[in-house]
Every structure is written in structure tokens, then in C-alpha cells.
Colleague: 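Let me give you the structure first, and then I'll get to my questions.
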Amino acid sequence: MRALCATDLSAASEAAIENETCLECLGRIGVDTIHLVTVVPANVHSGMPGVNFEERRRQGLDQYQTVIEAAGFDVETHVVRGTPYRRINGIAETVHADLSVVGSRGQSPLENRIIGSTARNLARTTVVPLVVNRVERGTDDPDVLREHLFRRILFATDFSENADRAFDAFSYLRHATEEVTLVHVRSPKDEGVDADVGPRERLAEHASTLEKWGIDTQLEVRHGDPADEILAVEAEVTPSTVLVGSKGRSRIRRLLLGSVSEEIVAQATGNVFLVPPPRAV
């Protein structure tokens, strides 16, 4: 598997990329090649006095490359210019990345926020599964908040096709996962809607699959606003990562995992693993 790791060379990005436990988690799910990407903003010109921005970025990536290669990965580096989320998506497609990883906060010396607006834009547009790795705020020497990326997962589903696609990620995540909380949120619009199989029974089907892999599971069926309830469950069970699909639509035509997934990326306390729909061809 190939992972793309995006960085703005800030302390927060360094914490996310060089954390040994996070790297170990990527190795466990089958990642053997990492593409390090940093984007120089289009409005920063190489002719500006005093700084060779591309060279500084390349030197920074070289330092990360040494650490990651020592952890056993093959590494390729990319210094590119343009709009961060667009270039990250473009490179992910070009190198056939299986997933992208981006830190959740951080600011570079060039005042280029790759984390914040870029992470949110990636949540809307990512072409491959996206890991948003949450990093401490308000400190000069930050660390990742939850090192074990996939040990304890909260999986949120509206039973749509794309939610099922997100669940399929367990085919490789299971090698690093010990516990999973499965959650479905029923909104007021769902009340009175007939279904052949109730939500708890449908969650139990997922649980059966996970338990065959030796993963402990628990089920949560909530009522209310989907984003609010998913975040409430996250606060209660403190998973390493929330796994969610994006732009999914349920059979009753209720959009759950579209704008909701964006809110999860923006507001979750821990990491988020976002699985996008297949690209149109």
C-alpha cells in the first residue's frame, strides 16, 4: 500500500509524520511506501528576497525522509507549487495512493495553513481515503493526541452504499484494530419509517464480521442530529479514530454522511478516517 503524507513543515506536521507509533500503525495496515508532499503556495514567488522556499522545503522533507526510512518504509518526496488541497489530490492520483494523511493543526513559517482550511477542503474533495491526524494545539512542541491511529475505532454509518464502502476499509484496518464502536443515528425524519431490518440488527451484522476477526465491538443507536450524536459518542468512548464515509445517501433519501462528515472532520477530538465515494470515470 502507498500512503501520501502532506506536510507544511510546521512543528505540528513533524509530530504527525515522525511519530513512531503512528508510523507503526501505518505499517500494520500494509503501508510500505510513503510519499511526502509539501506545497509552496502559488502566491509565494521564488524571486522573493532572502529565501529559497523550494530548497527550504526540500531540506525539511529530507529530514523526515531519513526518519521514515529508518522505520522501514520506502519514501519519495514531492515539493510542488499551487493550491495545497488541489496539489495533494493531484499527487495522490498520480502515485496511486491508497490513503492520504494530514495533520489537523499547524502553521508553517511561510504563514501557509495546510491544516485548517486545507484539511477541510480535503474532506470535501479527497480522491482517496483521508486520515486527519489530530495534533495538540497551543504549544510550541506539540504531539499527536492519540498515537494508535486505528486501535480503537468509532464507525458511523447511515447504511448507505458509501457507508458500506467505508466499512470495507476494515479489510486492512483490522490488522491494527482491537475495539470498534458501531453507531447509527436516527433523526426525527426516520421516525415511523418502516424497515425490514432495524438499525441495531443491521449494526449487529457488521459486529459479527468484526468479531470473526477477533475485534471487540459495541453498538450504539442514537436519536437526534447525526453530527452532534456521533461527536457525543466519540466523547464518551474516546476512540483513536472516527471512521466515516462521505456523501452517502440512505434509502430514504436522507443525506447523513456528506455535510456531517465535514463537521466530524472539523469538530472531532481525535483522528478521523474519511472514505470518499468512487470517482466518476
Side-chain angles (χ1 to χ4, degrees), residues 1-6 22 25-26 28-31 35 85 88-89 91-93 95-104 118-134 146 149-177 179-185 202-203 205-207 209-210 213 215 217 226-227 230-231 233-234 239-251 254-268 270-281:
M1 291 179 67
R2 303 178 184 91
L4 181 153
C5 293
C22 293
C25 289
L26 292 176
R28 284 188 175 185
I29 68 170
V31 172
H35 291 264
Y85 78 92
I88 291 167
N89 279 332
I91 292 173
E93 283 194 294
V95 304
H96 303 291
D98 296 288
L99 67 149
S100 295
V101 182
V102 63
S104 63
T118 297
R120 196 155 187 147
N121 283 330
L122 281 172
R124 297 171 180 148
T125 64
T126 186
V127 296
V128 299
L130 173 69
V131 179
V132 179
N133 194 5
R134 203 71 70 189
R146 295 174 188 172
L149 291 177
F150 312 115
R151 175 177 286 180
R152 302 177 67 244
I153 290 180
L154 169 61
F155 171 64
T157 178
D158 63 351
F159 305 120
S160 66
E161 181 179 351
N162 202 64
D164 290 342
R165 177 180 170 87
F167 184 81
D168 289 343
F170 280 112
S171 64
Y172 53 88
L173 295 179
R174 64 189 176 94
H175 299 295
T177 302
E179 301 175 20
V180 175
T181 300
L182 303 166
V183 61
H184 171 72
V185 181
R202 297 181 75 175
L203 291 180
E205 293 175 3
H206 284 323
T209 298
L210 295 171
W213 291 329
I215 298 172
T217 64
I230 293 167
L231 291 168
V233 175
E234 189 211 20
S240 307
T241 295
V242 178
L243 169 61
V244 66
S246 66
K247 301 177 183 176
R249 189 177 291 274
S250 69
R251 290 181 180 177
R254 173 174 56 84
L255 183 65
L256 190 158
L257 298 177
S259 60
V260 171
S261 63
E262 185 179 330
E263 289 303 306
I264 300 302
V265 170
Q267 299 183 40
N271 309 311
V272 179
F273 190 24
L274 181 70
V275 178
R279 296 209 72 191
V281 294

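Along the sequence shown, residues are numbered consecutively beginning with 1.
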Colleague: Work out which heavy atom in Gly245 is nearest to a heavy atom in Ala166; give both atom names and the distance.
Modeller: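 Nearest heavy atoms, Gly245 then Ala166: N-CB, 3.8 Å.
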Colleague: How long is the span from the CZ atom in Phe167 to the CZ atom in Phe159, to the nearest 0.5 Å?
Modeller: 11.0 Å
Colleague: For the pair Ile88 and Leu4, evaluate side chain to side chain contact (heavy atoms under 4.5 Å, CB included) and give the outcome as yes or no after the intermediate values.
Modeller: CA-CA 8 Å; Ile88 291 167; Leu4 181 153; 3.8 Å; yes
Colleague: Would you compute the distance between atom OG1 of Thr177 and atom CZ of Arg28 and round it to the nearest 0.5 angstrom?
Modeller: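 Output value for this atom pair is 10.0 Å.
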Colleague: So, for Arg134 and Val272, which heavy atoms are closest and what is the spacing to 0.1 Å?
Modeller: NH2-CG2, 3.8 Å
Colleague: For Arg146, is there an ion pair with Glu234 - N to carboxylate O distance below 4.0 angstrom?
Modeller: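 Yes, Glu234 and Arg146 are salt-bridged.
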Colleague: With distance as the sole test, does Arg165 use its side chain to make a donor-acceptor pair with the main-chain N or O of Pro276 at under 3.5 Å?
Modeller: yes
Colleague: Is there side-chain contact between Ser100 and Leu130, with heavy atoms separated by less than 4.5 Å?
Modeller: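 Ser100 reaches Leu130 side chain to side chain.
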Colleague: Tell me whether Asn162 contacts the main-chain N or O of Val275 through its side chain, where contact means a donor paired with an acceptor under 3.5 Å.
Modeller: yes
Colleague: What do the steps show when you test Phe170 against Val180 for side chain to side chain contact (heavy atoms under 4.5 Å, CB included), and what is the final call?
Modeller: CA-CA 10 Å; Phe170 280 112; Val180 175; 3.7 Å; yes
Colleague: Atom CG of Asn133 and atom SG of Cys22: how far apart are they, to the nearest 0.5 Å?
Modeller: 4.5 Å
Colleague: Given 3.5 Å as the limit, does a donor-acceptor pair link the side chain of Thr241 with the main chain of Phe150, or not?
Modeller: no
Colleague: Please round to the nearest 0.5 Å and tell me the distance separating atom CG of Leu274 and atom CD of Glu262.
Modeller: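 Reported value, rounded in 0.5 Å steps: 10.0 Å.
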Colleague: Are Leu149 and Ile29 close enough, and set up right, to give a side chain to side chain contact (heavy atoms under 4.5 Å, CB included), and what steps lead you there?
Modeller: CA-CA 10 Å; Leu149 291 177; Ile29 68 170; over 6 Å; no
Colleague: To the nearest 0.5 Å, what is the distance between OG1 on Thr217 and NE2 on His206?
Modeller: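 Here the interatomic distance stands at 11.5 Å.
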Colleague: Shortest non-hydrogen contact from Val132 to Val265?
Modeller: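 Answer, listing the atom of Val132 first, then Val265: CG2-CG1, 4.1 Å.
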Colleague: Mind checking the CG-CG spacing from Asp168 to Leu173? Nearest 0.5 Å is all I need.
Modeller: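 Interatomic distance, Asp168 CG to Leu173 CG, rounded to 0.5 Å: 10.5 Å.
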Colleague: Under a 4.5 Å cut-off applied to non-hydrogen side-chain atoms, are Val233 and Val242 in contact?
Modeller: no
Colleague: Is any side-chain heavy atom of Val31 closer than 4.5 Å to a side-chain heavy atom of Asp98?
Modeller: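 Counting from C-beta outward, Val31 and Asp98 never come under 4.5 Å.
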Colleague: With a 4.5 Å heavy-atom cut-off, do Leu26 and Val131 have their side chains touching?
Modeller: no
Colleague: Does His184 reach the main-chain N or O of Thr157 with its side chain, forming a donor-acceptor pair under 3.5 Å?
Modeller: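 At least one qualifying donor-acceptor pair exists.
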